[in-house]
Amino acid sequence: MAMNKMMDKAQLAEMLGVPVSWVTKAITARTLPITWVGRYARFDPDDIKAWLASNKSMPESLRRGK
(Lines give C-alpha, C1' and ligand atoms only; values in the text may rest on other atoms or scores of the structure.)
Protein backbone atom coordinates (compact mmCIF):
# COMPACT_ATOMS: atom_id res chain seq x y z
CA MET A 1 0.00 0.00 0.00
CA ALA A 2 1.49 3.31 -1.12
CA MET A 3 1.23 6.20 1.30
CA ASN A 4 1.26 9.87 0.39
CA LYS A 5 4.19 11.83 1.68
CA MET A 6 2.85 13.94 4.50
CA MET A 7 3.55 17.68 4.62
CA ASP A 8 4.61 19.76 7.59
CA LYS A 9 3.37 23.29 8.35
CA ALA A 10 5.97 25.01 6.18
CA GLN A 11 5.26 22.77 3.18
CA LEU A 12 1.51 23.25 3.55
CA ALA A 13 1.93 27.02 3.83
CA GLU A 14 3.98 27.03 0.65
CA MET A 15 1.41 24.87 -1.16
CA LEU A 16 -1.43 27.19 -0.12
CA GLY A 17 0.53 30.40 -0.58
CA VAL A 18 -0.09 31.55 2.97
CA PRO A 19 2.23 32.35 5.91
CA VAL A 20 3.14 29.54 8.32
CA SER A 21 1.42 31.61 11.02
CA TRP A 22 -1.89 31.18 9.14
CA VAL A 23 -1.42 27.40 9.16
CA THR A 24 -0.64 27.51 12.88
CA LYS A 25 -3.83 29.48 13.57
CA ALA A 26 -5.86 27.06 11.42
CA ILE A 27 -4.44 24.14 13.41
CA THR A 28 -5.45 25.84 16.67
CA ALA A 29 -8.92 26.54 15.28
CA ARG A 30 -9.13 22.93 14.02
CA THR A 31 -10.21 24.01 10.56
CA LEU A 32 -7.71 21.92 8.59
CA PRO A 33 -7.62 18.14 8.14
CA ILE A 34 -4.69 17.15 10.35
CA THR A 35 -2.95 13.88 11.11
CA TRP A 36 -1.12 13.95 14.41
CA VAL A 37 2.16 12.05 14.52
CA GLY A 38 2.93 12.27 18.20
CA ARG A 39 3.00 16.00 18.83
CA TYR A 40 3.65 16.87 15.19
CA ALA A 41 0.88 18.07 12.88
CA ARG A 42 1.14 16.53 9.44
CA PHE A 43 -1.05 17.05 6.40
CA ASP A 44 -2.02 14.52 3.74
CA PRO A 45 -2.01 16.19 0.30
CA ASP A 46 -5.17 14.30 -0.74
CA ASP A 47 -7.00 15.45 2.40
CA ILE A 48 -5.92 19.04 1.77
CA LYS A 49 -7.09 18.88 -1.88
CA ALA A 50 -10.49 17.54 -0.76
CA TRP A 51 -10.70 20.23 1.93
CA LEU A 52 -9.92 22.93 -0.63
CA ALA A 53 -12.56 21.58 -3.02
CA SER A 54 -15.18 21.55 -0.26
CA ASN A 55 -14.34 25.13 0.71
CA LYS A 56 -14.61 26.66 -2.74
CA SER A 57 -17.15 29.38 -3.14
CA MET A 58 -18.70 30.61 -6.31
CA PRO A 59 -19.22 34.32 -6.98
CA GLU A 60 -22.77 35.42 -6.18
CA SER A 61 -23.36 36.44 -9.80
CA LEU A 62 -22.67 32.88 -10.97
CA ARG A 63 -24.84 31.28 -8.27
CA ARG A 64 -27.86 33.24 -9.49
CA GLY A 65 -27.26 32.17 -13.06
CA LYS A 66 -26.28 35.61 -14.35
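We're numbering straight along the sequence, starting at 1.
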Visitor: Could you work out the complete set of other residues in the hydrophobic cluster of M7, with links drawn between I, L, V, M, F, W and Y side chains under 4.5 Å apart?
Guide: L12, M15, L16, V18, W22, V23, I27, L32, I34, W36, F43, I48, W51, L52
Visitor: From M6 CE over to T35 OG1, what is the distance, rounded to the nearest 0.5 angstrom?
Guide: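 Reported to 0.5 Å precision, the distance equals 3.5 Å.
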Visitor: Could you grab the distance from atom OG of S21 to atom NZ of K9, nearest 0.5 Å is fine?
Guide: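 Taking OG in S21 and NZ in K9, the distance rounds to 10.0 Å.
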Visitor: Please identify each residue that fulfils side chain to side chain donor-acceptor pair (under 3.5 Å) with D46, with sequence neighbours left out.
Guide: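 Partners of D46 under the side chain to side chain donor-acceptor pair (under 3.5 Å) test: N4.
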Visitor: Under the side chain to side chain contact (heavy atoms under 4.5 Å, CB included) rule, collect the residues that match up with E14, sequence neighbours excluded.
Guide: none
Visitor: Under the side chain to side chain contact (heavy atoms under 4.5 Å, CB included) test, which residues partner A29, sequence neighbours left out?
Guide: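 Counting only residues at least two positions away or on another chain, A29 forms a side chain to side chain contact (heavy atoms under 4.5 Å, CB included) with T31.
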